[in-house]
Amino acid sequence: MIGGERFSLTANGREDGSLGEVSVRWGKPGTAGAGLMELYATALTVGIEHRVPLDELVRQGLDLRFVPNGRTDDPEIPRVRSIAEYVARRLAIDWLPYRRRAKLGIFTVAERIEQARVWMEPHAFRAAGSR
């Protein structure tokens, strides 16, 4: 769910373990929103079939803004600006190694907490020592 709207994302792998196809269903069939999400998923799948690096495909979906947006029910991706951004972030988390995701600025909540902890430890020590 995103902003109270239900949708489904399906990502199927190939025999070699890489991403093979993407499907997104949202809204009432035949509506503009449903058609655009289906088109977006088809474009991702065609890119994948033509061996476009997933990083490049994901980058295009980041920071796109349209409704529905807001809170999600995914604990690893608590807020998004659109379904397209959610799809991009979810695919990156599920199918890209950490280093490639990090270059795109895509982290899970747990990874962000760990980054903050690592950053805070030296600062907390300095703050405690300056008293």
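Positions are given from 1, in the same order as the sequence printed here. On a predicted model such as this, the values are computed, not experimentally measured, just so you know.
Remark: side-chain polar atoms of E5 are not paired, donor with acceptor, to backbone N or O of I2 under 3.5 angstrom. Of the possible donor and acceptor atoms, one in the side chain of T45 sits under 3.5 Å from a partner among the backbone N and O of A41. With hydrogens and angles ignored, the 3.5 Å screen pairs no side-chain donor or acceptor of S82 with any backbone N or O of N69. Panel note: side chain E114, backbone A110; no donor-acceptor pair is recorded below 3.5 Å.
The distance from the CD1 atom of I83 to the OH atom of Y40 is 11.0 Å, given to the nearest 0.5 Å. To the nearest 0.5 angstrom, E85 atom CD is 8.5 Å from R65 atom CZ. Between the CZ atom in R51 and the OG atom in S18 there is a gap of 5.5 Å [rounded to 0.5 Å]. The line from CD1 of I113 to CD of Q115 is 10.5 Å long, rounded to the nearest 0.5 Å. Between atom CD of residue E38 and atom CH2 of residue W26 there is a gap of 13.0 Å, rounded to the nearest 0.5 Å.
With hydrophobic clusters built from ILVMFWY side chains whose heavy atoms lie under 4.5 angstrom apart, L9 does not share a cluster with L36. Taking hydrophobic clusters as Ile, Leu, Val, Met, Phe, Trp and Tyr residues chained together by side-chain heavy-atom distances below 4.5 Å, F7 shares a cluster with I93. Connection of L96 to V22 is established within a shared hydrophobic cluster, with ILVMFWY side chains joined at heavy-atom distances below 4.5 Å, either directly or through further cluster members. Under the 4.5 Å side-chain heavy-atom criterion for grouping Ile, Leu, Val, Met, Phe, Trp and Tyr, L91 is connected to V52 within one hydrophobic cluster. The cluster map of Ile, Leu, Val, Met, Phe, Trp and Tyr, joined by side-chain heavy atoms under 4.5 Å apart, puts L57 and M37 in the same cluster.
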Applying side chain to side chain contact (heavy atoms under 4.5 Å, CB included) to R25 and S8, what does each step give before you reach the verdict?
CA-CA 5 Å; R25 300 284 182 244; S8 69; 3.4 Å; yes
Determine whether T10 and N12 satisfy the following criterion, side chain to side chain contact (heavy atoms under 4.5 Å, CB included), listing intermediate values before the conclusion.
CA-CA 6 Å; T10 305; N12 294 317; 3.7 Å; yes
CA sep, side-chain torsions, deciding dist, call: R59, D55, salt bridge (Lys or Arg N to Asp or Glu O under 4.0 Å)
CA-CA 6 Å; R59 183 178 288 114; D55 316 54; 6.0 Å; no
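Remark: the T72 side chain and the D74 side chain contain no N/O donor-acceptor pair separated by less than 3.5 Å.
Between G17 and W95 the shortest heavy-atom distance is O-CZ3, 3.2 Å. The two residues G20 and I48 make their nearest non-hydrogen contact at O-CG2, 3.7 Å. Nearest heavy atom pair, residue A34 against residue P29, reads CB-CA, 4.4 Å.
Under the 4.0 Å criterion applied to side-chain N and carboxylate O atoms, E21 and R14 are not assigned as salt-bridge partners. Under the 4.0 Å criterion applied to side-chain N and carboxylate O atoms, R89 and E76 are not assigned as salt-bridge partners.
The only option from I106, I77, V58 that meets the side-chain contact (heavy atoms from CB on, under 4.5 Å) definition with R90 turns out to be I77.
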